[in-house]
Amino acid sequence: QVQLVESGGGSVQAGGSLRLSCVASTRSSCMGWFRQAPGKEREGVAIIRTDVGPVYYADSVKGRFTISQDNAKNTVYLEMSSLKPEDSAMYYCVAGPPLYYLGGSRCQQGPRDYGDWGQGTQVTVSS
C-alpha cells in the first residue's frame, strides 16, 4: 500500500492560484488528483503517468490546471490557476498501477480504479 500525503490547500478568491503537492511513500506508475464537493460525486481532475507525463485532464480544468511530477521526490503537483468557486472541493491524491491490455497499458481515470488515497486537502474558492 502506498502512503500519500497531500498539502497546499487553502482559501483563495476567484481568479487566484494554488499549488497542491502529494508525496508518495513509493513510486507508482499512475498518480493523480480527484476532488469531491459536498453533495457531489468524486470526480477525476488530472492523471499523470509518472514515466510519460500528463495523460488526463477533466474538461472543466483544461487550460487552468497542470499536473506534474518530481520522480526523485516521489511527488506529484497540481498547479491550479484562474480558480473558480466551482473548483471548491476536497482534493485527494491517488496512486496505482496502470491497466494492462494486449499491446500496452494505460492509467485509468475512475475513482474505483485507485486503491491508494491520501487524506485530502481542502480548496475553497470565494467569489
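Positions are given from 1, in the same order as the sequence printed here.
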Per the salt bridge (Lys or Arg N to Asp or Glu O under 4.0 Å) rule, what does the pair list look like for residues 116-127, sequence neighbours excluded?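 As it turns out, there is no salt bridge (Lys or Arg N to Asp or Glu O under 4.0 Å) pair with a partner in residues 116-127 once direct neighbours are skipped.
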Applying salt bridge (Lys or Arg N to Asp or Glu O under 4.0 Å), which residue pairs with at least one partner in residues 95-113 are found, sequence neighbours left out? none
How many angstroms lie between atom CD of Q36 and atom CD of E41, to the nearest 0.5 angstrom? 8.5 Å
What side-chain hydrogen bond (donor to acceptor under 3.5 Å, both in side chains) pairs are there with at least one residue in residues 6-19, not counting sequence neighbours? E6-Q119
Going by side-chain hydrogen bond (donor to acceptor under 3.5 Å, both in side chains), name the pairs with one or both residues in residues 63-80, residues two or more places apart or in two chains. R64-D87
So disulfide (SG to SG under 2.5 Å) across residues 98-127, not counting sequence neighbours, yields C30-C107
Enumerate the residue pairs fulfilling disulfide (SG to SG under 2.5 Å) with a member in residues 43-96, sequence neighbours excluded, ordered by first and then second residue. C22-C93
Residues that, via side-chain heavy atoms closer than 4.5 angstrom, fall in one hydrophobic cluster with F34: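 I47, V55, Y56, M90, Y92, V94, Y114, W117, all in the cluster of F34.
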Report the hydrophobic cluster partners of V123, with the cluster defined as I, L, V, M, F, W, Y residues connected by side-chain heavy atoms closer than 4.5 angstrom, directly or transitively.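 Grouped by the 4.5 Å side-chain rule, V2, L4, V12, L18, L20, M31, W33, V45, I48, Y57, V61, F65, I67, V76, L78, M80, L83, Y91, V125 form the rest of the cluster around V123.
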Closest non-hydrogen contact found for P85 with A14 is CD-CB, 4.1 Å
Sequence-distant partners of K62, salt bridge (charged side-chain N to carboxylate O under 4.0 Å, His left out), two or more places apart: D59
Could I get the full list of side-chain contact (heavy atoms from CB on, under 4.5 Å) partners for S29, not counting sequence neighbours? R49, P98
With sequence neighbours left out, what residues match E86 under side-chain contact (heavy atoms from CB on, under 4.5 Å)? K84
Suppose we screen for side chain to side chain donor-acceptor pair (under 3.5 Å). Which residues come up paired with Q3, at least two apart in sequence or across chains?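 For Q3 there are no side chain to side chain donor-acceptor pair (under 3.5 Å) partners, ignoring immediate neighbours.
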